[in-house]
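These notes are about the structure you will find just below.
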2 protein chains.
Amino acid sequence: MLVNEAKSFRELCRENGIAVTHQRQVLYEVMKTMHGHPSPEEVYAQVKKRVPAISLATVYKNIHLFVESGVFREVSMHHGSLRVEMNDESHHHMVCSKCKAITDIGEKELGLVSKQDRLPSGFLVERYAVDVIGICAKCQQA
Amino acid sequence: MLVNEAKSFRELCRENGIAVTHQRQVLYEVMKTMHGHPSPEEVYAQVKKRVPAISLATVYKNIHLFVESGVFREVSMHHGSLRVEMNDESHHHMVCSKCKAITDIGEKELGLVSKQDRLPSGFLVERYAVDVIGICAKCQQA
DNA sequence: ATGCCTGCAAATATTTTGCAACTGC
DNA sequence: GCAGTTGCAAAATATTTGCAGGCAT
């Protein structure tokens, strides 16, 4: 397991022409295991447990690097700071307009999405990111 | 014209129980005329032309107020700071992953969107916000 | 050996807050 | 007049950058 993960991370780095450092490896592993949409500060707090000397600047630099490389994605901010998520499966978000909670929803459950790969102005489509804005079950009761 | 706009702004304020101040009125009018997805700083710069003494803090406070009231909407941030847009017509965004340019696209041209008003977990849908991520025509040539 | 990376500290940028004076209702 | 609003300045947050030393390749 660990061997595989390490290996694929090495490959990822090679593909993107970046060096495999201890900090990067831990950062990557930690982020893979984090659910939701962590902010850099939250990621930093987690990584610090394993690499106490790591700097917040390093976390920022590498998150940007990962986002540029397509390893992770930047996510819409109905919060207040940079958020990321992993590239895993294709899913979208339900955002509660009362409590601001963000919940994932799969492409199937969402039930929409056509597949044009080109839009009017010649825009080449890579993917769709859908935010469903509404009221979550919990807030409806209040 | 001006009378009408002023009137509807007054109504908007009454509906939301907020006072009609000169600053707010100008802020509202300026934002209505701004295209794209202005940041608070950009809005501030514009409003300052008409109300030189206005403070950035006031701009922030009122943008939040407008967003809470549903006059404007907060927009996903593939930029770096708070962005808003007006509630006018139903449209979505095409975001170029190269140059980060955001272009509006109408609901019709987009060609997707189903109309379920309730999703699996009991989530009550208010609206969909779709970002199409891809490459704009300009960047495809490079 | 070389150039990419790191940590640190300082610089920037962004957003919020406290408060006294002022204004709409 | 009272409550809500403004401007200012300072604080709090968030993010970026320069640089000297260290590590991956």
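These numbers were taken from a predicted model, which means no experiment stands behind them. In the text below, chain A, chain B and the rest are named by the order of the sequence lines, each starting its count at 1.
Counting to the nearest Å, the P atom of dT16(C) and the CD1 atom of Ile63(B) are 10 Å from each other. If you take OH of Tyr44(B) and P of dA13(C), they are 15 Å apart, rounded to a whole angstrom. Taking atom CG of Asn62(A) as the reference point, atom C1' of dA24(D) lies 14 Å away to the nearest angstrom. Straight-line distance from the NZ atom of Lys48(B) to the P atom of dG7(D): 10 Å, rounded to whole Å. In this structure, the CD atom of Glu11(A) is 14 Å from the P atom of dT25(D), given to the nearest Å. Note: CG (Leu27(A)) to P (dT6(C)) measures 9 Å, nearest angstrom. Across the protein-nucleic acid pair, Leu65(B) atom CG and dG24(C) atom P stand 17 Å apart, rounded to whole Å. Atom CD of Gln25(A) and atom P of dT6(C) are 12 Å apart (whole Å).
Distance from the side chain of Ala57(A) is smallest to dT17(D) among dG7(D), dT17(D), dT15(C). Distance from the side chain of Ile18(A) is smallest for dC5(C) among the nucleotides dT25(D), dC5(C), dT16(C).
Taking for each of Glu41(B) and Val20(B) the nucleotide of DNA chain C with the nearest heavy atom, the 5'-most of the two is the partner of Glu41(B). Of the two residues near DNA chain D, Leu56(A) and Val51(B), the one whose nearest nucleotide lies more 5' is Val51(B).
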Kindly determine whether Ile105(A) and Phe123(B) satisfy side-chain contact (heavy atoms from CB on, under 4.5 Å), including the steps that lead there. CA-CA 11 Å; Ile105(A) 179 171; Phe123(B) 190 91; over 6 Å; no
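Remark: Tyr60(B) is in phosphate contact with dT15(C), judged by side-chain N or O atoms under 4.0 Å from OP1 or OP2. The phosphate of dT23(C) has neither OP1 nor OP2 within less than 4.0 Å of any side-chain N or O from Gln23(B). Residue His22(A) places no side-chain N or O under 4.0 Å from the OP1 or OP2 atom of dA24(D). For Thr21(B) and dT6(D), the shortest distance from a side-chain N or O to OP1 or OP2 is below 4.0 Å. At least one side-chain nitrogen or oxygen of Arg24(A) sits closer than 4.0 Å to the OP1 or OP2 atom of dT6(C).
Side chains of His92(A) and Asp104(A) form no contact here, defined as non-hydrogen atoms less than 4.5 Å apart.
By the 6.0 Å contact criterion, CZ on Arg14(B) is open, its count of non-hydrogen atoms from other residues, nucleotides or ligands being 12 or less.
Taking all atoms of both residues into account, the shortest heavy-atom contact from Ile63(A) to Pro40(A) is CD1-CA, 4.0 Å.
Residue-level contact check: Ala19(B) touches the backbone only, with heavy atoms under 4.0 Å from sugar-phosphate atoms and none from bases.
No hydrogens or angles were tested; on distance alone, a donor-acceptor pair under 3.5 Å links the side chain of Lys61(A) to the base of dG7(C).
When each of Leu27(B), Leu56(B), Asn62(B) is paired with Val43(B), the side chain to side chain contact (heavy atoms under 4.5 Å, CB included) condition holds for Leu27(B) and for no other.
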